[in-house]
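Data block below; observations after.
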Protein chains: 2
Amino acid sequence: MTRKSNGDIGNRSTIRDVAARAGVSASTVSRVLAGDYPVSTATRTRVMRAVRELDYVADARAKAIAGVGTPTLAFVLDDITGPSFAHMAHGVEREATRLGHLCLVCSTDGDTEQELEFIETMRAQRAAAVILVGGTADTAEYRARMSRIADSLASAGSRLVLCGRPPLDPGTPVTVIEYDNESGAYALCAHLLAQGHRRVLFLGGKPENTTAQGRERGYLAAHRARGIEPDPELRLAGDFTRDSGHRRIRQALAQSLEFTAVMASTDMVAAGALTALHEAGLSVPDDVSLVGYDDIAFARDLHPPLTTVHVPYEELGRLAVRTALGRTPDAPNEHLLLGTHVVVRDSVAAVPGQLVPDASARVSSQAPTGGLT
Amino acid sequence: MTRKSNGDIGNRSTIRDVAARAGVSASTVSRVLAGDYPVSTATRTRVMRAVRELDYVADARAKAIAGVGTPTLAFVLDDITGPSFAHMAHGVEREATRLGHLCLVCSTDGDTEQELEFIETMRAQRAAAVILVGGTADTAEYRARMSRIADSLASAGSRLVLCGRPPLDPGTPVTVIEYDNESGAYALCAHLLAQGHRRVLFLGGKPENTTAQGRERGYLAAHRARGIEPDPELRLAGDFTRDSGHRRIRQALAQSLEFTAVMASTDMVAAGALTALHEAGLSVPDDVSLVGYDDIAFARDLHPPLTTVHVPYEELGRLAVRTALGRTPDAPNEHLLLGTHVVVRDSVAAVPGQLVPDASARVSSQAPTGGLT
DNA sequence: ACACTTGTAGCAACCGGTTCCCAAACCGGA
DNA sequence: TCCGGTTTGGGAACCGGTTGCTACAAGTGT
């Protein structure tokens, strides 16, 4: 059996096979396919016919190594199953293919070890950019690790992009794109407070998660801006899942915690909370008001439609690849902060038996932030 | 400026750079890194130090072309934003990385042209398998195109996998994995009928979409099994989106179509339908019953929790890559059909003022299908 | 002391492309 | 008919790795 038997199925043909069949050299085939470079019509025709007959496609890896490949871009996230992540992924993917890039995705399921491994793999793939998504613990160890990764990626000609993650030291070659969790939560909580609520239950995230922290800061700040110090008992940590929201409300009810409103740090947990409330025979918003965060598509299908803050996830994804691909890989640290705004639906009412101080309180406060830092 | 200046940032180092720094040949570096092949401890140490100092990672593309790369697997879908697609994507991605494969994703947004283009790109990437997801029009043209693609992929050593798409002619080198839309819909509709409903509004999909067709067949068959011929006016075509569900219910209500239950061909459209029903002041299930299809996570957060049929999307994704990677690329046609089952929640009630013929009608009918064909 | 095995490392060919550089063929004009 | 310029196409080096084969050195047995 010769080395290049073509009888077998599964033998992709090489450029040399095409060349042989067309009776020309490999260089000529390459040039015909590239389209630049003058080739006589007769030759071109013969080559094209051979290409068609052999169903030839040039090996993208070989082209890449020769410097003319389709660039690739990597997207690393926790779990594509979360609606907000899915929208970001969609934005990333659309923008990447619009810009002629391929798009590799990896889910880490929250495993830092795997994250590291993926990044290394992406460096080996010579990805043009690596986009990391989702809040994490903002420890010194984290910053050190990320800085190292950023440098390492930059020296390999690739750019690190952090989405919804805490920024690194200035000077680190990294692009950070965040949405402003704190002011979104601030506006949202202010909305609740304006309706007279004074005991609003906060369903937070994991204490070390920076997204959760930002939203909690907003919750706190809104209270303090009114001179209220919220009861620490009203702040319940947990996961960003519907089950966690469900469970926490059940427990709060069981230990008869008092509250007139609940602020969930995610629409997902709001959804869980809502069904728990319903199961307890409580009416939203008549008995208790409820707000979420993220404005996922389903927020308006909940009953009642959920008041929440809109985060432009898809745009975030697009922006991430656009800026990542626009810069030189070793550009200095840059930091974009996207604004959010609360969208008012029907899940909030004034607290029963209390006068609303200012019924026309401006409510859809376009967050005061946004733009470049 | 020499060709290999290393002063610049962004100059990834090659294996030769490492070799030079360690004072050995490139082959030795390669062998140290590969781990097989005996190398003296002293040499290994020097090489490893050079690798570390240079932060060297071998170019995955170059390895791939030399035949020792990380295999890749491509996943092409309409829109990752749909919850069921997201779960499939997750399954695919997890299984792929478990099996040591990279995972490329592309969204086509329903554009056939783009789909074709992506597939060609994936062939160029020498993807081990290309997984195509989501129902489409089952035209002769479609089958011809897919067959051609399957052959083309097979001859390039890659395997085509169709998920939730109509099977191709036997003999075509393709793997088809479907969930049984018809019997799921049948069981679901039978459930409605058993509660005494006789006019159930069917919110279908696009008429040419095979998923939509299957579910509609189930709807029809369930009726006919009871000797009922459903009013054609009760079958409304549309998109698989919440907006479409919302719009169709509003219109049906506006033209005072009579129905006691609605069967949405997707949980998404059920969600839209539900809010439209609520907006019209109708109670579910007291005034009208509602069922969906897919059992997305949010189905149980709707109010009332939605009765629907569970489709094992994540498992589908895992299975797709497992079988794709398990077979030789030119294995003959194989066809897997996954069973579904209806999950009963609170969105269905007996039709008001009518006796339920058989209240204990078995309802969670594990679909009679499943397994290999 | 010699032959033979064993352990290490390098040369060079190869993977499948691209592209620089040069030569042959062809063209029209003098 | 001869010449110079223009097409046109091939040879070979290169991209960044891997690996078969070979050569040199050290170790072992007698």
Side-chain angles (χ1 to χ4, degrees), chain A residues 2-4 6 10-48 50-51 54-71 121 123-126 156-157, chain B residues 2-4 6 11-48 50-51 54-72 121 123-126 156-157:
Chain A
T2 64
R3 202 170 53 74
K4 283 216 187 296
N6 230 350
N11 262 346
R12 22 187 159 300
S13 42
T14 74
I15 197 171
R16 274 169 270 273
D17 297 334
V18 177
R21 180 173 260 261
V24 298
S25 76
S27 350
T28 302
V29 175
S30 173
R31 296 201 258 246
V32 167
L33 259 21
D36 45 16
Y37 210 85
V39 173
S40 75
T41 312
T43 312
R44 156 171 293 112
T45 312
R46 287 214 318 283
V47 169
M48 290 312 277
V51 165
L54 259 34
D55 200 15
Y56 169 78
V57 193
D59 187 318
R61 291 109 31 111
K63 302 186 77 146
I65 171 188
V68 289
T70 310
T121 303
R123 197 154 72 93
Q125 294 288 336
R126 303 297 188 250
Chain B
T2 64
R3 203 170 53 73
K4 283 217 186 295
N6 229 349
N11 261 346
R12 21 187 158 299
S13 41
T14 73
I15 198 171
R16 275 168 270 273
D17 297 334
V18 177
R21 181 172 259 261
V24 297
S25 77
S27 350
T28 302
V29 175
S30 174
R31 297 204 254 247
V32 167
L33 259 22
D36 46 15
Y37 211 85
V39 173
S40 75
T41 312
T43 311
R44 156 172 294 111
T45 311
R46 288 214 318 283
V47 169
M48 290 311 277
V51 165
L54 258 34
D55 201 14
Y56 169 78
V57 193
D59 187 318
R61 291 108 32 112
K63 301 186 78 146
I65 171 189
V68 288
T70 310
T72 301
T121 303
R123 197 154 73 94
Q125 293 288 337
R126 303 297 189 252

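Here is how names work: the chains are called A, B, and so on, in the same order as the sequence lines, proteins then strands, and each is numbered from 1.
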| request: Between A/Ala62 and A/Val68, just flag the one whose closest nucleotide in DNA chain C comes earlier from the 5' side. | output: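 So the residue in question is A/Ala62.
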In this structure, how many angstroms lie between the [atom2] atom of [N] and the [atom1] atom of [X], rounded?
X	N	atom1	atom2	answer
A/Ile65	C/dG16	CD1	P	12 Å
A/Arg46	D/dG10	CZ	P	9 Å
B/Asp59	C/dG17	CG	P	16 Å
B/Leu54	D/dG16	CG	C1'	15 Å
B/Asp36	C/dT8	CG	P	14 Å
B/Arg61	D/dC15	CZ	P	14 Å
B/Arg12	D/dG17	CZ	P	10 Å
A/Arg16	C/dA13	CZ	P	15 Å

Any side-chain N or O of [X] under 4.0 Å from OP1/OP2 of [N]?
X	N	answer
A/Ser40	D/dG9	yes
B/Thr28	C/dA9	no
A/Lys63	C/dG16	no
A/Ser25	D/dG9	no

| Is any NZ, NE, NH1 or NH2 atom of the basic residue among B/Asp59 and B/Arg12 found under 4.0 Å from an Asp or Glu carboxylate oxygen of the other? |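 Result for this pair is no, no salt bridge flagged.
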| field | Heavy-atom side-chain proximity of B/Asp17 to B/Thr14 below 4.5 angstrom | value |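 They are in contact (side-chain heavy atoms under 4.5 Å apart), so the answer is yes.
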| said: When you compare the side chain of B/Gln125 with that of B/Thr72, does any pair of heavy atoms fall below 4.5 Å? | reply: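 Contact flag for B/Thr72/B/Gln125 side chains = no.
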I want to verify a distance call: between [options], whose nearest atom is closest to the [X] side chain?
X	options	answer
A/Arg126	C/dT18, C/dG10, D/dG17	D/dG17
A/Ser27	C/dT19, D/dT18, D/dG17	C/dT19
A/Thr14	C/dG16, D/dT18, C/dT18	C/dG16
B/Tyr37	C/dA9, C/dG16, D/dT18	C/dA9
A/Thr43	D/dG9, C/dG10, C/dC15	D/dG9
B/Arg31	C/dG17, C/dG10, D/dG10	C/dG10

| Shortest non-hydrogen contact between B/Arg46 and B/Gly23, atoms and distance |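 Minimum heavy-atom contact is NH2-O, 3.9 Å.
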| Nearest-0.5 Å distance that lies between atom OG1 in B/Thr45 and atom CE in B/Met48 |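 B/Thr45 OG1 to B/Met48 CE: 9.0 Å, rounded to 0.5 Å.
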